[in-house]
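For reference, the structure is listed below as structure tokens.
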Amino acid sequence: MNQLVNQAKKGDPDAFTELIQSQMQNMYKVARAILNRDEDVADAISDTILACWEHLGSLKQAGYFRTWMTRILLNKCTDILRKRKQMVWMDEIPETPDVDAGFENSEWKEALNSLSENFRLVVMLYYIEGFKTSEISQILDIPEGTVRSRLARGREQLAGLFQVKVVN
């Protein structure tokens with residue numbers, strides 16, 4: 001991936017496209033954990049891709065591309081949530097989306113949705129995306145101790161849902 005990042009930083013659009021395609025599923029999972037509407041998820045991802053392309057030169061180390069990109073995505077999701085709170089919906093008819101039978105219908109998705117946003121995001125980044133606590137700390141711009149405590153509390157809440165004793 002470092003080679004693709006370096007090629008993309010030199011302006012190679014094919015390398016950037018390949019790099020983004022390799023991260024699409026990860027971006028979808030992160031955005032979907034925060035946003036509930038597919039339209040918002042698509043907007044957040046497309047805004048993230050554009051921002052990554054425009055600011056790729058500011059990335060100092062190629063090895064941190066995924067962390068950097070995820071941070072941008074989280075900011076875009078926050079922007080969408082903020083804008084949504086300011087909007088007043090008039091006579092909106094909810095659509096029934098075609099649901100993917102994989103991640104969308106799983107017990108794991110339901111369990112994650114039952115957590116508060118702070119816990120859900122940390123648990124999702126750790127378990128689904130495979131980020132280390134230090135990387136999550138950088139992405140969310142919070143101390144690593146806070147990440148660990150949110151992860152522990154998230155585990156406790158999940159264990160409570162499944163009535164399982166958590167051993168730390």
Side-chain angles (χ1 to χ4, degrees), residues 1-2 4-5 8-9 16 19-87 102-104 106-162 164 166-168:
M1 180 160 65
N2 289 351
L4 284 175
V5 173
K9 283 178 81 169
F16 182 76
L19 184 63
I20 291 299
Q21 286 177 344
S22 73
Q23 297 300 313
M24 284 301 284
Q25 186 173 10
N26 295 332
M27 285 193 292
Y28 177 80
K29 289 178 190 176
V30 170
R32 187 68 177 153
I34 299 167
L35 304 168
N36 291 325
R37 297 176 46 189
D38 284 332
E39 299 84 15
D40 292 339
V41 170
D43 287 344
I45 291 172
S46 62
D47 290 349
T48 299
I49 292 169
L50 181 61
C52 286
W53 177 252
E54 290 174 345
H55 303 288
L56 192 58
S58 69
L59 178 63
K60 293 180 176 81
Q61 293 182 359
Y64 288 107
F65 175 80
R66 186 170 174 217
T67 303
W68 176 76
M69 178 202 65
T70 304
R71 178 68 181 176
I72 292 171
L73 178 62
L74 291 173
N75 288 335
K76 298 299 180 185
C77 290
T78 302
D79 291 345
I80 289 171
L81 288 174
R82 194 175 299 124
K83 287 177 188 174
R84 190 185 315 151
K85 285 181 183 176
Q86 294 173 356
M87 297 176 90
F103 183 71
E104 291 293 323
S106 68
E107 286 182 32
W108 179 242
K109 176 73 173 166
E110 282 183 38
L112 275 178
N113 283 335
S114 72
L115 298 176
S116 69
E117 184 177 343
N118 288 337
F119 299 148
R120 178 177 61 238
L121 193 53
V122 171
V123 167
M124 193 267 317
L125 289 171
Y126 186 80
Y127 287 108
I128 295 176
E129 295 303 315
F131 283 110
K132 298 175 187 169
T133 56
S134 60
E135 294 171 323
I136 296 170
S137 170
Q138 290 176 337
I139 290 169
L140 300 178
D141 196 26
I142 58 176
E144 191 172 350
T146 303
V147 172
R148 286 193 297 266
S149 68
R150 287 181 184 177
L151 191 56
R153 288 187 184 120
R155 285 184 194 127
E156 288 172 3
Q157 285 185 8
L158 287 172
L161 288 173
F162 295 104
V164 175
V166 175
V167 178
N168 287 334

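Here the structure is a predicted model, which means the values were calculated and not measured.
Nearest approach of Ala51 to Ile72, heavy atoms of both residues: CB-CG2, 3.9 Å. Between Ile49 and Phe16, the shortest heavy-atom contact is O-CZ, 3.6 Å. Residues Leu59 and Ala62 share a closest heavy-atom pair of CD2-CA, 4.4 Å. Here the closest heavy-atom approach between residue Gly154 and residue Leu115 is recorded as O-CD2, 3.9 Å.
The structure places CD1 of Ile34 at 4.5 Å from CG of Leu121, a figure rounded to the nearest 0.5 Å. The CD1 atom of Ile45 sits 11.0 Å away from the CG atom of Asp40 when rounded to the nearest 0.5 Å. Atom NZ in Lys9 sits 11.5 Å away from atom CG in Leu19 (nearest 0.5 Å). Note: Asp43 CG to Cys77 SG = 10.0 Å, rounded to the nearest 0.5 Å.
Residues that satisfy the side chain to side chain contact (heavy atoms under 4.5 Å, CB included) test with Asp79, not counting sequence neighbours, are Lys76, Arg82. Applying the side chain to side chain donor-acceptor pair (under 3.5 Å) rule to Asn26 yields the partners Gln23; only residues at least two apart in sequence or on another chain are considered. Here Arg153 pairs with nothing under the salt bridge (Lys or Arg N to Asp or Glu O under 4.0 Å) rule; sequence neighbours left out. For Phe119, there are no ring pair (Phe, Tyr, Trp, His ring centres under 6.0 Å) partners, not counting sequence neighbours. The salt bridge (Lys or Arg N to Asp or Glu O under 4.0 Å) test applied to Arg120 returns no partner, not counting sequence neighbours. Evaluation of the side chain to side chain donor-acceptor pair (under 3.5 Å) rule for Asp47 yields no partner, not counting sequence neighbours.
Residue pairs meeting the side chain to side chain donor-acceptor pair (under 3.5 Å) criterion with at least one partner in residues 49-75, sequence neighbours excluded, are Arg66-Glu129.
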Determine all donor-acceptor pairs shorter than 3.5 Å in which one atom belongs to a side chain in residues 138-150; sequence neighbours excluded.
unit_1 : atom_1 : unit_2 : atom_2 : d
Glu144 : OE2    : Thr133 : OG1    : 2.8
Glu144 : OE2    : Arg148 : NH1    : 3.2
Ser149 : OG     : Gly145 : O      : 3.4
Ser149 : OG     : Thr146 : O      : 3.0

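Taking 4.5 Å as the limit, every side-chain heavy atom of Met27 sits out of range of all side-chain heavy atoms of Val41. Side chains of Glu135 and Leu125 form no contact here, defined as non-hydrogen atoms less than 4.5 Å apart. Under the 4.5 Å side-chain criterion, counting only non-hydrogen atoms from C-beta, Leu56 is in contact with Phe65. The shortest distance between side-chain heavy atoms of Val123 and Arg155 does not fall below 4.5 Å.
Of the possible polar contacts, none joining the Lys29 side chain to the Met124 backbone as a donor-acceptor pair under 3.5 Å is found.
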